[in-house]
Amino acid sequence: MLIALGVTGGIGAYKAVEVARGLQKHGHEVVAVMTHSATRFVGPVTFEAITRRPVITDQFAEGMNADIEHIAIASTIDLLLIAPATANIIGKLANGIADDFLSTLYTATRAPVLIAPAMNSQMFAHAAVRKNLDTLVARGARFVEPGEGYLACGWIGKGRLAEPDEIIAAAEEILRPESPLRGQRVLVTAGPTYEDFDPVRFIGNRSSGKMGFALAAEAAHRGAEVSLIVGPTELEPPSVREVVRVRTASEMHQAVMSRASDMHVVIMAAAVADYMPERAPQKVPKGADTLTLVLHKTPDILGDLGHRRLASGRGPALIGFAAETQDVVARAIEKRAKKHVDLIVANDVARTDAGFDVDTNAVTIVTADGAESLPLQSKTNVAGEILNRVERLLSGSRSAESASPVRG
Ligand code: CTP
């Protein structure tokens, strides 16, 4: 997609550089349009180097007007994003003043408009600015609210340009075609489980929850209503509709099973313990040279969901993970069949750059259509790839045991 990034003269202009880079990372092309005062904060060369396109700084700059692309930009862009937007540009846009390239572009384009205001908090609260913002909202412009905090002018209050990540996410939301996940209830499990064998000790695993968190965040980003069931982890979960903290496999089983029938999709990304020790009521004292723990099988959450769906003929789309250290794909194919699930994400946890507690993952996605290996990439990107396939499942209802996910 082609995005015109309008940059106006505020101290936050430097953050627009990061916004441009982020948009490019999401696969978009960016053309920067700077007002005269913006060029006093950041040099156009910076944007030119990053966007690899000429930066439009002046409506009538010599040498620019033969450039058809620059003239045609109003009809070719998919989004006009202005970050930071000063009170001045907001006033001009609201009142149809078109005295420079950016304000002219606003009146000339029919592309969606996204505005990230940044100004002194008193200015932001001023009736004139509020009225202009209301006018733009009524006309369909969308906004990324400024943040609160220290402002360059020394005031503390609302007015600081939103963080680049928030601006990029808001742009993505506008540009992304409507996802089949919008409005769907998605349950994601994440992290390890801890199985206590006395009041102070437990058996756990090295899962950090990162993959499940990335899936939950991405599903929410696509408009799903996400319930996240999370085992013990230090990491902060993303803010989704519901976060439920559990400790053991049995607690996770209870939390998942009690919600599953309301869900359209269940993604079991948690590393659930397969066995739990018998729990001693008191701390086990040091005694003999060896200590034997008796372990009992935990409930297989995904297996139970699969069997329940098979028996009833209805239930959510089921996504599982297969953490393996050998014969990764063959074992994943087996697990998919055994647990009666739609899609298994297989990962080789023996690799140091994939699997537990790292930010990257290399997975093979196993569906009824076969196995597809994806290259090593960030867990956020892997989450996107997995959800693209979940979207296909929801649209096509191609599921393991011919049971279609519950709808509505
Ligand atoms: N899983 C589950 N309940 C368990 C164990 C695992 O729901 N008690 C889920 C995991 O969240 C994962 C999938 O089942 O989505 C496969 O987990 P994995 O540990 O790879 O497989 P297991 O069934 O435990 O088999 P094994 O340990 O023999 O590989």
Side-chain angles (χ1 to χ4, degrees), residues 186-196 202-216 219 227-233 244 246-261 263 265-277 295-310 315-351 354-357 361-367 371 379 382-383 386-387 389-390 393 399-400:
V186 175
L187 186 149
V188 180
T189 64
T193 64
Y194 285 178
E195 311 300 327
D196 298 320
F202 62 87
I203 298 175
N205 64 65
R206 288 174 40 223
S207 167
S208 61
K210 281 180 183 166
M211 192 63 241
F213 287 1
L215 281 159
S227 295
L228 180 59
I229 315 288
V230 48
T233 164
V244 181
V246 296
R247 180 173 175 84
T248 64
S250 301
E251 284 171 17
M252 188 173 278
H253 182 261
Q254 207 274 330
V256 172
M257 299 314 279
S258 63
R259 288 171 176 78
S261 55
M263 296 292 155
V265 181
V266 174
I267 305 178
M268 284 293 307
V272 189
D274 288 329
Y275 290 91
M276 58 184 171
L295 303 176
H296 297 272
K297 240 187 190 162
T298 56
D300 184 337
I301 307 168
L302 190 59
D304 284 358
L305 290 169
H307 283 101
R308 193 159 93 173
R309 187 177 69 170
L310 187 63
L318 298 176
I319 319 301
F321 275 70
E324 307 291 353
T325 54
Q326 57 180 344
D327 302 331
V328 179
V329 176
R331 288 179 56 87
I333 291 172
E334 239 171 71
K335 257 177 214 176
R336 181 178 168 278
K338 194 177 84 189
K339 300 199 183 197
H340 306 285
V341 302
D342 302 302
L343 185 156
I344 285 268
V345 183
N347 58 352
D348 183 347
V349 285
R351 285 175 63 147
F356 285 163
D357 207 20
N361 212 351
V363 301
T364 299
I365 295 183
V366 179
T367 62
K379 285 187 173 171
V382 173
I386 295 168
L387 291 177
R389 282 149 186 93
V390 173
L393 274 175
S399 57

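Just so you know, these numbers come straight off a predicted model, no measurement behind them. Order of listing sets the numbers, starting from 1, for every ligand and every atom in it.
- Near Ala322, with a cut-off below 4.0 Å to any heavy atom, the atoms of ligand 1 are 20 (O).
- Pro299 counts as a contact of ligand 1, since one of its heavy atoms falls under 4.0 Å from the ligand.
- Counting only non-hydrogen atoms, the option in Lys335, Lys338, Glu324 that gets closest to atom 29 (O) of ligand 1 is Lys335.
- Looking only at heavy atoms of the protein, atom 7 (O) of ligand 1 is closest to Leu302 N, 2.8 Å.
- When heavy-atom distances to ligand 1 are checked against a 4.0 Å cut-off, Thr298 comes that close only through its side chain, counted from C-beta outward.
- A heavy-atom distance below 4.5 Å is found between the side chains of Ile365 and Ile386.
- Asp304 contributes no side-chain N or O that, together with a main-chain N or O of Pro299, makes up a donor-acceptor pair within less than 3.5 Å.
- Protein heavy atom nearest atom 3 (N) of ligand 1, with residue, atom name and distance: Ile301 N, 3.0 Å.
- Interface of Gly320 with ligand 1, defined as ligand atoms under 4.0 Å from a residue heavy atom, comprises 15 (O).
- Annotation: side chain to side chain donor-acceptor pair (under 3.5 Å) contacts of Asp300 (sequence neighbours excluded): Lys339.
- Of the possible polar contacts, none joining the Thr248 side chain to the Tyr194 backbone as a donor-acceptor pair under 3.5 Å is found.
- Met211 CE to Asn347 CG: the interatomic distance, rounded to the nearest 0.5 Å, is 8.5 Å.
- Near Ala323, meaning under 4.0 Å from any of its heavy atoms, are these atoms of ligand 1: 20 (O).
- Residue-ligand proximity, Ala270 to ligand 1, at heavy-atom distances under 4.0 Å covers atoms 10 (C), 11 (O).
- Closest to atom 5 (C) of ligand 1 among all protein heavy atoms lies Asp274 OD1, 3.3 Å.
- Every heavy atom of Ala249 sits 4.0 Å or more from the atoms of ligand 1.
- For residues 319-331, the set of pairs meeting the side-chain hydrogen bond (donor to acceptor under 3.5 Å, both in side chains) definition, not counting sequence neighbours, comprises Glu324-Arg331, Glu324-Lys335.
- Between Asp196 and Arg247 there is a side-chain heavy-atom pair separated by less than 4.5 Å.
- If you check which protein heavy atom lies closest to atom 13 (C) of ligand 1, you get Phe321 O, 3.0 Å.
- Atoms NZ and CG, on Lys210 and Leu215 in that order, are 14.5 Å from each other to the nearest 0.5 Å.
- Contact annotation for Ala273 and ligand 1: only backbone heavy atoms (N, CA, C, O) come within less than 4.0 Å of the ligand.
- For atom 6 (C) of ligand 1, the choice among Met268, Lys339, Arg331 with the nearest heavy atom turns out to be Lys339.
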